[in-house]
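Below is one structure; the comments refer to it alone.
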There are 2 protein chains.
Amino acid sequence: MRHRREDVVARALQVLDDHGLADLTMRRLGTELGIQPSALYHHFPSKQVLLAAVADEILERGPRSSSEVLSDEPWEGRARAACHTLRDACLAWTDGAEVVATARAFGLGARAPYDELVGVLVTGGVDVDLAGSAARTLLHFVLGHATDEQTHRQAGSVGAIDTDPATDFTADFATGVDLVLAGLQARVRR
Amino acid sequence: MRHRREDVVARALQVLDDHGLADLTMRRLGTELGIQPSALYHHFPSKQVLLAAVADEILERGPRSSSEVLSDEPWEGRARAACHTLRDACLAWTDGAEVVATARAFGLGARAPYDELVGVLVTGGVDVDLAGSAARTLLHFVLGHATDEQTHRQAGSVGAIDTDPATDFTADFATGVDLVLAGLQARVRR
DNA sequence: ACCTGAACACCGTTCAAGT
DNA sequence: ACCTGAACACCGTTCAAGT
């Protein structure tokens, strides 16, 4: 019944995917691991920190099928690919987007996507301050959109909200990302 | 000790502003009104619905000081003003942005800003599908940015996160909104 | 290093009953 | 129409103690 920190994170991710964020409680996770909930506090100082570790695990595992990104692409294409990869990684797990968004909001993890986006933009010649603002704008959109998509899809299966079946989330997502990138291109070209 | 629905919403908004979203519990609100928590379920079917009513109240009351918006401005200016007004309305209350964002996420209210943005864009000649995508992109950014700002400001006063005092949230916000609007303009001009 | 067991201080929600 | 009182089924976290 003895576990390491990484075992706990892996099990938490499994509980998340099988039952959703609302059911990922310290008591439930303890039961799932065959230990008392209080034992979790040997591995993590709080539930927030545990969730941040789950968010980082989601980002490290990445999307189920990763699309190739050519390193000789222009920065717009690479930034677009980074956004779609982040979305796919979040959508691969139940409530994945909300977990990543929450970790980011508390400043406890999930820093990799921001760093990657800023890196792509700065390497492409975008001013570092503007690159930061653009990266944050893109991340607000990506995580907000993906969270909405997962919320609405679940609500449909429970029957709480009327979810329009005709909504093409992927096309709508692409439009939003391209809007921000087009604005950035316009600004970079003076 | 008898209250109407609007009394309950007003008191909830006061508890929110004085103590934050974490302390806005059904039990706390009941105590504040001098009634049992169960009595709140006479006015609202759930806490989620109560919070949606609080979100709508925040939007109706608007920002503390409203900046003039000339109706003969071009659509870019009117959309920009709508975004800044929404941000100011949220920032006027403790955790206001999170309450509005949550209500929107659950589809239970806070529809006015979306309707207003779509209206401004469509009146300006933007295709209705594109106007919808752009409005949702702007709202993800506005509410995400404002939520972050309020979270980081509070974290600073509690000491949980290192909040950079040099961060100019208002300038960063304006940059993000203008990025999306510039992308939309580029797209509309073919 | 990792865990138990018990406790503390809470939650949202339901429901029969009262006025 | 609006509220009480009691209960149900939970939470996150702390802490002394065990191996």
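Every value quoted in this text rests on a predicted model; they were computed, and no experiment measured them. Each chain gets a letter, A, B and so on, in the order the sequences are listed, and its residues count up from 1.
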Worksheet item: Is B:R64 positioned over the aromatic face of B:W93, cation under 6.0 angstrom from the ring centre and no more than 45 degrees off axis?
Response: yes
Item to complete: Please name all residues satisfying side chain to side chain contact (heavy atoms under 4.5 Å, CB included) with A:S38, sequence neighbours left out, ordered by chain then number.
Response: A:Q36
Worksheet item: Does any residue of residues 44-57 of chain A have a heavy atom under 4.0 Å from DNA chain C, and if so, which ones, in number order?
Response: none
Item to complete: Could you note down all residue pairs passing salt bridge (Lys or Arg N to Asp or Glu O under 4.0 Å) where residues 41-59 of chain B supplies at least one of them, sequence neighbours left out?
Response: B:E57-B:R61
Discussion item. Could you write out DNA chain D as dot-bracket? Rules: Watson-Crick or G-U wobble, both distances under 3.5 Å, brackets [ ] for crossings, | for pairs with another strand, dot for unpaired.
Written reply: ||.|||||...|||||.||
Response to the item:
Under a 4.0 Å heavy-atom criterion, DNA chain D is touched by chain A from D:dC11 to D:dC15
Worksheet item: Pick from B:T175, B:D172, B:D178: which one makes a side chain to side chain donor-acceptor pair (under 3.5 Å) with A:S133?
Response: B:D172
Discussion item. When the C1' atoms of D:dC2 and C:dA17 are compared, how many Å lie between them, rounded to an integer?
Written reply: 13 Å
Worksheet item: Is any side-chain heavy atom of A:L143 closer than 4.5 Å to a side-chain heavy atom of B:H140?
Response: no
Worksheet item: Taking the nucleotide of DNA chain C with the closest heavy atom to each, which residue, A:R27 or A:Q36, is nearer the 5' end?
Response: A:Q36
Discussion item. What's B:G30 touching, base or sugar-phosphate or nothing? Going by heavy atoms closer than 4.0 Å.
Written reply: nothing
Worksheet, complete the sentence: CG of B:L139 to CD of B:E116, rounded to nearest 0.5 Å, is 10.0 Å
Worksheet item: Is the closest basic N to carboxylate O distance between B:E149 and B:R153 below 4.0 Å?
Response: yes
Item to complete: Check the side chains of B:H3 and B:R11 for a donor-acceptor pair under 3.5 angstrom, ignoring hydrogens and angles.
Response: no
Fill in: Parallel, tilted or perpendicular: rings of A:F173 and A:F141 (30°, 60°)
parallel
Discussion item. Roughly how many Å apart are D:dA9 and C:dC10, using the C1' atom of each and rounding to a whole number?
Written reply: 14 Å
Item to complete: State which residues pass salt bridge (charged side-chain N to carboxylate O under 4.0 Å, His left out) with B:R104; sequence neighbours excluded, sorted by chain then number.
Response: none
